[in-house]
Amino acid sequence: MSAPTAVPGLAPTVVRLKLSLLRNGLRQSGGRRAAYVASAVCALLFAALQLIGLIALRGHAHAESLVVLLVAVLGLGWAVMPLFFPSGDETLDPTRLVMLPLRPRPLVWALLAASLVGIGPLFTVVMLIGSVIAVAHGGAAFAVGVVGGVLALLVCVALARAVAAANIRLLSSRKGRDLAVLSGLVIAVGAQVVNFGAQRLGSSGLGQLDPVADVLRWLPPASAIGAVDSVSEGSYGVAVVQLLISAGALVLLVRMWSRSLTRLMISPDGSTLQAAEPAARDRRGAAGLTRLLPGGRTGTVMERSLRYVWRDPKTKAAWVTSLAIGLIVPVFNALQGTGSIYFACFAAGMLGIQMYNQFGQDSSAFWMVALTTSSPRDAYVELRARALALLVITLPYATLVTVLTTALLGDWGKLPEALGLSLALLGAMLTTGAWTSARFPYSIPQEGYKNVAPGQTGLAWISIFGGMVSAALLCAPVIALTIWLHVSEGGEAWTWLLLPGGAAYGAGITLLGLRLAAPRTAARLPEILAAVSKG
């Protein structure tokens, strides 16, 4: 009888599987490898700068308050970012493993190990190292810092996976789309609250963080880093309690995650059930919408794009988040007395982002678009119709936000130039969005909680941020003209020309950008189809 063959553990197998998926995704093209490397370098460079800043805080009177708050925000980011935004953590989707004979508990630990591989965990490790260095004084504190840092990292990852597993049916469910949109709105508002809090902190000093930190140091994962500061101050009993709080949170999150995986593996998926609304109502709505749109392919594409905004959960969540941020930033700043009329451009900028990755929202259905696109002319009509659908929402919204911001500031004389800059920025983002949609397409998985397919995260970041930088450069002539009119003698009397000038410039570069992107779109249809169908 032959000796029994050793069976490898589940965790190493899942980690190798994740690395293989990531490696195979990057092998598909040199552009993806370059995009992934560029995004990794940017993330690590930012982490290195944060590390230097945290080390510089060592010895500061309120360093522990800032560090505790930082780790708490880091944990909150781990909980919400994988659900609504592209993230560097490409942990395997557990729904792909439901047909395998795997028990939930071993699978949890295997997926937890796989979650520690990626740019996101490495960024978190660097931040935790800097936090420990900032507050640790003495050998005992550094020893506790090692334990606390590991606990904080595991709590962050387990929190992200537990929340994601509990909501994995939500984002793919028609019934849950409104809740997903509400969550996106909460995230947008919360991000702006943090932004305004940071502004006040910069003017009032770190001492204002002490009351908040006194509470957060007892909440995981911040309690693990709070234990390091407690040891530095000689409070060993308090440090033990804080470490136990983080350890208990880790155990609780793993159990919650295990229960979610169990339900995921044995419960039927009702996300494909048809909606309850009558078919006649859909037909009436379709007929009413169609009457307001132009005929031919242009109207058909516009109707399809607008229906994505209303009916697709992830598209709807992205739109609502952009609408919220575009309104919150200028209005909140104006209400605090620190705003500027130019902050109204956030409305056009945030909604202009929706032009990026136009074909990704089609997913595998893009093959129908590809079949009906046989020439650059067809591609131009397709891109133009998608841009028009976006303008149906963006133009009145950007105008409304600009007028509201002007009213709150009482600076009506600058309304024409602010609105002109907004229109120019919108045109620039439509231009770069059309080009990046053809050059850097990526898939938006229809199921699960990820917004980018594994191996395409860097591609998504380079598409969005590269396009935004290019849009800023395209707006340079209008910005330069605005500055020149304000600094030149008697130039302010002519700033009203920025409204028609900005509108004409935005429309011109939009048409030019669509015409330049159309031949590339037509030539790259097979590559685009392969990229957007990956998820």
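For the single chain, residues carry numbers from 1 onward in sequence order. As a basis for the values below, the full set of heavy atoms in this structure was taken, side chains included, without hydrogen atoms, waters or symmetry mates.
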In terms of heavy-atom contacts, Asn357 and Pro441 come closest through OD1-CA, 3.8 Å
For Thr436 and Gly467, work out which heavy atoms get closest and say how close.
CG2-CA, 4.3 Å
Report the C-alpha distance between Asp229 and Val67 in whole Å, list the side-chain angles of each, state the deciding distance to 0.1 Å, and finish with yes or no for side chain to side chain contact (heavy atoms under 4.5 Å, CB included).
CA-CA 10 Å; Asp229 179 62; Val67 165; over 6 Å; no
Could you tell me whether the side chain of Thr394 reaches within less than 4.5 Å of the side chain of Leu430, counting heavy atoms only?
no
Rounded to the nearest 0.5 Å, how far apart are CD1 of Ile52 and CG of Leu57?
12.5 Å
Non-hydrogen side-chain atoms of Leu383 and Phe359 separated by less than 4.5 Å:
yes
CZ (Arg255) and OG (Ser260) are apart, to the nearest 0.5 Å, by 14.0 Å
Can you find a heavy atom in the side chain of Ser258 that is under 4.5 Å from one in the side chain of Trp109?
no
Any chance you could measure Arg386, atom CZ, to Gln354, atom CD, to the nearest 0.5 Å?
13.5 Å
pair Phe343-Val331: side-chain heavy atoms closer than 4.5 Å
no
Quick one: does any side-chain atom of Ser232 pair with a main-chain N or O of His137 as donor and acceptor, under 3.5 Å?
yes
Around atom CH2 of Trp218, are there more than 12 heavy atoms from other residues, nucleotides or ligands closer than 6.0 Å?
yes
Contact between Leu17 and Thr13 at the side-chain level, heavy atoms closer than 4.5 Å - yes or no?
no
Asn333 vs Ser340, side chain to side chain contact (heavy atoms under 4.5 Å, CB included): CA-CA, chis, key distance, verdict
CA-CA 8 Å; Asn333 277 283; Ser340 169; over 6 Å; no
Of all heavy-atom pairs linking Leu216 and Ala72, the shortest is CD1-CB, 3.9 Å
Parallel, tilted or perpendicular: rings of Phe440 and Trp435 (30°, 60°):
perpendicular
Can you name the one residue among Leu250, Leu253, Val254 that meets side chain to side chain contact (heavy atoms under 4.5 Å, CB included) with Leu154?
Leu250
After noting the C-alpha distance and the side-chain angles of Leu390 and Leu426, does the key distance pass the side chain to side chain contact (heavy atoms under 4.5 Å, CB included) rule?
CA-CA 10 Å; Leu390 188 144; Leu426 179 59; 4.2 Å; yes
Calculate, to the nearest 0.5 Å, the distance between atoms OG and CG belonging to Ser443 and Leu529 respectively.
10.5 Å
Closest contact, heavy atoms only, Lys18 versus Ser115:
NZ-CA, 4.2 Å
For Thr315, does its backbone N or O pair with a side-chain atom of Tyr308 as donor and acceptor, under 3.5 Å?
no
If you compare all heavy atoms of Arg524 against all heavy atoms of Arg439, which two are closest, and at what distance to 0.1 Å?
NH2-O, 3.5 Å
Taken to the nearest 0.5 Å, the spacing of Leu151 CG from Gln242 CD works out to 12.0 Å
Ser437 side chain vs Gln358 backbone, donor-acceptor pair below 3.5 Å
yes
pair Arg161-Leu111: side-chain heavy atoms closer than 4.5 Å
no
Looking at side-chain heavy atoms only, is the closest gap between Leu44 and Phe123 below 4.5 Å?
no
Would you say the side-chain atoms of Thr262 and Arg259 include a donor-acceptor pair closer than 3.5 Å?
no
Ile462 side, atom CD1; Cys42 side, atom SG - distance, nearest 0.5 Å:
6.5 Å
For Arg58 and Ile133, indicate whether the former's side chain and the latter's backbone hold a donor-acceptor pair under 3.5 Å.
yes
When you measure from the side chain of Thr432 to the backbone N and O of Met468, does any donor-acceptor pair fall under 3.5 Å?
no
Before giving the answer on side chain to side chain contact (heavy atoms under 4.5 Å, CB included), spell out for Met127 and Leu74 the whole-Å C-alpha distance, their side-chain angles and the decisive distance to 0.1 Å.
CA-CA 9 Å; Met127 299 294 287; Leu74 198 63; 4.1 Å; yes
Between Ser246 and Pro221 the two heavy atoms that sit nearest each other are OG-O, 4.2 Å
